[in-house]
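Read the structure below first, then the notes.
What you see below is based on every heavy atom in this structure, not just the backbone, and it leaves out hydrogens, waters and symmetry mates. We count residues from 1, following the sequence as given.
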Amino acid sequence: MHRREMLKHSFMLVGFAAAGGVAQSLMAGGPLNRGLSAVVFNQSQEKSVAIVSEMIIPTTDTPGAIKAGVPDFISTIVSQWYNDEERAVFFQGFKALDEFCQETEQKDFADASEATRIAALTAQETATEEYKKANSGAGGHPLAQKNDPNMPFFGKLKELVVTGYYTSEVGAKQELSYMPMPGYYDGSYEYAKVGRRFTS
C-alpha cells in the first residue's frame, strides 16, 4: 500500500482529527506537488527538524518522534505536498527560531541550549495561538481554520509531527494500543440487561 493510501486509511480507522490542511488534503486525495526535490532542508535545518520533533513527542516508555521516522515524513510533506505559500511560512518559522537563539546566546537553534530552544518554541506557540484567536470563525471554532495556508509555523509543525507519528507503525502499534477489531459481537445478549431495544 502506498503511503498516501496508508495515511488515508489510518485517518478513517482511528478517527484522526488533525488540525488542518495536511489531513484534510490527504482525505480529499489532493495532488502532490510533482517535480520537487525530496531534499528540502539543509544540514542545520534537518537537525532542527529532528530536535523539534523529539521535543514535541519525546522518547519515554515508548519511542519518540525520531524513532518513528517523523523528520523524514516532514521532509516529504513539505517538499511534495505543501504549496509555495505554505512552504514559505514553514521556512520562515525555522529562520525565526534561529534568530531568537542567536539573539539569546549567539547560536542557531540546532546548537542552542535546551532552555533557549524551549523559549524559542514558546514564542512561536504564542504567535500561533494569537493568530488562531484573531482568525477564528463564528464562535471561535478552531475547525474554521482548517486548510489555512497562512497558519503560523508552529501550528503547521505540530500538525506534521502528530500526523507523522500516529500514522507510523511505531505510533500506531507501540504508543497506541493496537486493536484491529475493537469490541466483539454478542448474538444472544440478554434483553433484561438493557431493558430497551438497541438502535443503529
Quick one: salt bridge (Lys or Arg N to Asp or Glu O under 4.0 Å) pairs with a partner in residues 115-128, sequence neighbours left out?
-> Glu125-Lys158

Looking at Val162 and Ile57, what are the two nearest heavy atoms and their distance?
-> CA-CD1, 4.4 Å

Cluster check Phe153, Ile118: I/L/V/M/F/W/Y, side chain < 4.5 angstrom = yes

At what distance, to the nearest 0.5 angstrom, does CD of Gln124 lie from CG of Leu157?
-> 9.5 Å

Provide the closest heavy-atom pair for Thr167 versus Thr163 in the form atom of the first, atom of the second, distance.
-> OG1-O, 2.6 Å

To the nearest 0.5 Å, how far apart are CE in Met151 and OH in Tyr131?
-> 6.0 Å

Between atom OG of Ser53 and atom CD1 of Ile74, what is the distance when rounded to the nearest 0.5 Å?
-> 3.5 Å

Quick one: closest heavy-atom pair of Pro71 and Val49, and the distance?
-> CA-CG1, 3.9 Å

List the atom pairs, with distances to 0.1 Å, where a side-chain N or O of residues 89-103 and a protein N or O form a donor-acceptor pair under 3.5 Å, not counting sequence neighbours.
residue : atom : partner : partner atom : Å
Asp98   : OD1  : Phe109  : N            : 2.9
Gln102  : NE2  : Asp108  : OD1          : 2.9

Side chain to side chain contact (heavy atoms under 4.5 Å, CB included) between Leu121 and Met55, worked out = CA-CA 10 Å; Leu121 288 177; Met55 289 176 72; 3.5 Å; yes

Results of salt bridge (charged side-chain N to carboxylate O under 4.0 Å, His left out) for Glu169 - residues two or more places apart only | Lys173

State, with a plain yes or no, whether a side-chain heavy atom of Ser75 is found less than 4.5 Å away from one of Phe41.
-> yes

What are the two closest heavy atoms between Glu85 and Asn83, and how far apart are they?
-> N-OD1, 3.0 Å

Going only through I, L, V, M, F, W and Y residues with side-chain contacts under 4.5 Å, is there a path from Ile51 to Ile66?
-> no

In chain order, what residues pass the side-chain hydrogen bond (donor to acceptor under 3.5 Å, both in side chains) check against Thr116, with sequence neighbours excluded?
-> Glu105, Ser113

Provide the closest heavy-atom pair for Trp81 versus Glu86 in the form atom of the first, atom of the second, distance.
-> O-OE1, 4.5 Å

Does CD in Glu114 sit with more than 12 non-hydrogen atoms of other residues, nucleotides or ligands closer than 6.0 Å?
-> no

What pairs meet the side-chain hydrogen bond (donor to acceptor under 3.5 Å, both in side chains) rule with one or both residues in residues 56-73, with sequence neighbours excluded?
-> Glu54-Thr59

Which heavy-atom pair separates Gly171 from Tyr166 by the least distance, and what is that distance?
-> O-CD2, 4.1 Å

